[in-house]
Amino acid sequence: MGAGVAGLRGAVELARYGTVLVVTKEALAESNTHYAQGGIAVALEGREDVALHLKDTVAAGDGLVCRRAAEVLVAEGPQRVEELIAWGAHFDRESGRLLRTREAAHSVQRILHADGDATGAEISRSLAAMARASQAIRFCEWTTVTGLLEQEGCVAGVRLLDRDQRAWSVDARAVLIAAGGAGQVFSDTTNPAVATGDGIALAAEAGAELADMEFYQFHPTALFLPGAPRFLLSEALRGEGAYLRNDRGERFMERHHPALELAPRDVVARAVAREGFGKAAGDERPVYLDMRHVRGIDLHKRFPGISAALARYGLDLHRDLIPVRPAAHYLMGGIRTDLDGRTSVSGLFAAGEAACTGVHGANRLASNSLLEGLVFGARAAKAMAESVAAPANREASTEDSTDTSRQEEELIDVFIWELQKTMWKHAGLLRDETSLREGSAELAKCETGIERIAQPENTSRRLREARSLCRVASAILQSAIARTESRGAHFRSDYPRRDDEHFLKHSVLGREPGVTFEQW
Ligand SMILES: Cc1cc2nc3c(=O)[nH]c(=O)nc-3n(C[C@H](O)[C@H](O)[C@H](O)COP(=O)(O)OP(=O)(O)OC[C@H]3O[C@@H](n4cnc5c(N)ncnc54)[C@H](O)[C@@H]3O)c2cc1C
């Protein structure tokens with residue numbers, strides 16, 4: 001389920017062992033992976049370099065990184081990236097040598113990039129080409145996984161719905177959820193429309209455990225112009241020297257962190273929010289990204305995609321202050337898995353942003369997620385092949401489906417918008433108990449509203465997405481209420497300190513009623 005970096009890498013691996021069906025909600029290229037700009041972090045210079053990558057990853061995660069997962073990520077990363085290059089991925093080079101950039105909380109320049117700021121598109125292209133060349137892999141584009149089939153407590157296939165509302169089911173020896181994150185749960189996000197957390201919700205419905213759902217990373221610098229989408233302005237811009245300035249022209253990061261603009265992402269995001277949002281509603285002040293002083297780099301060449309996007313609004317990196325705001329960007333939590341993608345439900349595996357190995361802890365190190373998709377997508381596929389013996393009996397069968405009407409879909413959209421605004425307001429960058437509880441009450445109203453419109457037998461992509469968003473939002477709120485401390489991306493203004501005595505643990509949903517905390 002999913003054709004981002006984790007799904008495609010998983011499919012390429014699985015093709016060695018059997019027939020693979022890759023299902024994706026829109027065209028193959030529509031994924032978070034496709035929009036990734038800055039690059040992919042990897043330590044290609046031997047053991048010391050790998051050890052330093054581990055150190056930075058652990059430090060960024062604010063005490064909660066699962067060390068074994070991080071060791072796997074940094075140690076297997078170089079092999080996965082070299083393999084990708086051998087398969088045809090073109091990363092930027094100068095005189096034949098790979099170019100590397102730096103982003104926040106990296107102690108050295110280790111981030112490879114492609115076409116300047118289109119790294120994800122190149123990774124997606126090269127993996128898709130590799131997958132398409134395989135006879136064993138079939139693609140089902142513009143098709144939504146709406147449910148998981150279960151047989152004697154095992155996941156044994158998926159329910160599908162295509163864009164002509166045809167429903168059918170496919171039996172499978174195992175299912176890999178690589179359906180990405182859930183940025184659409186917030187009104188302000190860098191994520192595309194497909195990122196509605198369907199994989200996480202389906203896994204939870206099947207009884208799988210979720211972990212660390214309170215940790216949502218907000219990117220500090222999304223474009224902030226009325227009517228414009230929250231287009232991401234990559235951290236690599238700050239890596240190349242961009243400053244952040246408030247409406248008085250001050251370089252305000254001096255007041256917040258010694259690493260200034262390259263401080264950990266959560267620190268920068270909260271600083272931007274504090275400078276920009278003001279104390280009262282409506283008391284909003286602009287915050288800017290400033291590259292006007294940067295010399296010696298042709299910014300249009302180095303960042304062609306970003307430059308072209310800004311040009312649409314008459315803005316130029318060399319000439320203008322660029323208005324920015326934080327936006328929901330990356331979910332550190334997700335479906336709890338071991339290091340081989342196994343979930344707590346037999347036959348169900350997960351990898352990539354939908355999964356939670358604990359590798360990012362409370363805060364992902366920038367550019368570690370594309371690497372995560374490659375490393376853990378391949379590992380999950382190997383484990384799937386090893387763990388399932390019997391071939392599926394049936395291949396595919398059609399099912400009856402009852403569509404929701406256009407009017408019903410419009411009403412569902414209204415509730416989704418309410419949910420997104422609620423989550424931004426009550427479970428965004430700065431949280432506290434009262435606000436989180438208000439958010440839960442608002443969410444319950446949205447959920448009731450959606451279930452009143454939809455009949456149990458209704459199936460539609462939008463309905464699936466609405467239900468997924470409700471489930472993911474509820475998991476975020478419950479986990480954020482339970483973690484009464486501040487750590488990484490989770491900031492509670494009523495508990496502003498990190499509390500290692502009680503919370504050096506991962507939150508888990510689904511093992512017992514409510515949220516439990518476990519060390520792993
Ligand atoms: C704007 C932006 C910039 C980023 N920049 C970087 C960067 O520079 N470096 C970095 O490391 N990370 C970056 N990230 C994060 C990174 O891109 C993602 O974390 C990573 O690509 C996730 O990969 P994935 O394979 O897990 O999921 P995705 O790439 O999100 O793929 C999910 C797939 O699941 C499919 N899907 C979802 N629901 C369903 C359903 N119900 N049925 C069928 N299919 C479904 C989608 O259609 C899609 O194919 C960025 C993210 C964004 C949004």
Side-chain angles (χ1 to χ4, degrees), residues 1-11 21-42 77 101 103 111-114 117-124 127-128 139-148 158-162 175-184 189-202 217 219 221-223 229-236 239 305-306 309 327-332 334-335 350-355 360 364-374 376-377 380 461 464-465 467-468:
M1 176 180 179
V5 59
L8 289 173
R9 184 59 189 82
L21 181 69
V22 177
V23 186
T24 169
K25 213 154 47 165
E26 294 192 3
L28 207 59
E30 191 60 12
S31 61
N32 275 7
T33 298
H34 180 80
Y35 293 101
Q37 297 175 347
I40 180 164
V42 65
T101 190
E103 292 184 83
I111 297 161
L112 308 186
H113 45 86
D117 54 9
T119 314
E122 176 58 11
I123 289 179
S124 179
L127 279 174
F139 290 96
C140 227
E141 292 177 75
W142 292 97
T143 301
T144 302
V145 177
T146 54
L148 296 175
V158 288
R159 284 204 175 78
L160 301 173
L161 186 74
D162 70 15
V175 173
L176 173 65
I177 293 188
Q184 289 293 326
T189 180
T190 61
N191 290 191
V194 292
T196 50
D198 298 354
I200 297 167
L202 286 172
Q217 186 172 80
H219 198 289
T221 57
L223 181 65
R230 295 284 172 268
F231 181 78
L232 181 77
L233 297 165
S234 167
E235 204 155 271
I306 293 174
H329 187 58
Y330 180 87
L331 177 61
M332 271 74 73
I335 307 159
E353 194 170 337
H360 305 296
R364 172 187 68 121
L365 183 68
S367 287
N368 261 359
S369 38
L370 290 171
L371 192 69
E372 173 193 26
L374 285 181
F376 291 102
R461 169 176 162 180
R464 174 65 262 168
E465 292 179 334
R467 288 179 171 146
S468 300

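Just follow the structure's listing: the first ligand is 1, and inside any ligand the first atom is 1. Bear in mind that the values here come from a model prediction, so they are computed numbers and not experimental data. Quick note: numbers below take in every heavy atom, side chains included, and nothing from hydrogens, waters or symmetry partners.
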Stepwise side chain to side chain contact (heavy atoms under 4.5 Å, CB included) test for L202 and M1: CA-CA 11 Å; L202 286 172; M1 176 180 179; 3.7 Å; yes
Short N or O distance, N32 and ligand 1, threshold 3.5 Å exclusive: yes
Pairwise distance OG1(T146) to CD(E465) - rounded to 0.5 angstrom: 11.5 Å
K25 side chain to T143 backbone, donor-acceptor under 3.5 Å: no
Ligand 1 contacted by S367 (non-hydrogen, < 4.0 Å): yes
N191 touching ligand 1 at heavy-atom level, < 4.0 angstrom: yes
Under 3.5 Å: N/O of M1 near N/O of ligand 1: no
Close approach of A178 to ligand 1, heavy atoms, under 4.0 angstrom: yes
Residue-ligand contact T146/ligand 1, heavy atom below 4.0 Å: no
Contact check, H329 vs ligand 1, heavy-atom distance below 4.0 Å: yes
Salt bridge (Lys or Arg N to Asp or Glu O under 4.0 Å) partners for R230, two or more places apart: D188
Polar contact flag for G38 and ligand 1 (N/O pairs, less than 3.5 Å): yes
Nearest protein heavy atom with distance in Å, relative to atom 47 (O) of ligand 1: T24 OG1, 3.2 Å
4.0 Å heavy-atom contact, N368 with ligand 1: yes
Nitrogen or oxygen atoms of Y330 and ligand 1 under 3.5 Å apart: no
Heavy-atom gap H360 to ligand 1 smaller than 4.0 Å: no
4.0 Å heavy-atom contact, G39 with ligand 1: yes
Contacts of type ring-ring contact (aromatic ring centres under 6.0 Å, His included), residue H113, not counting sequence neighbours: none
Gap separating the CG atom of L331 from the CD1 atom of I200, nearest 0.5 angstrom: 5.0 Å
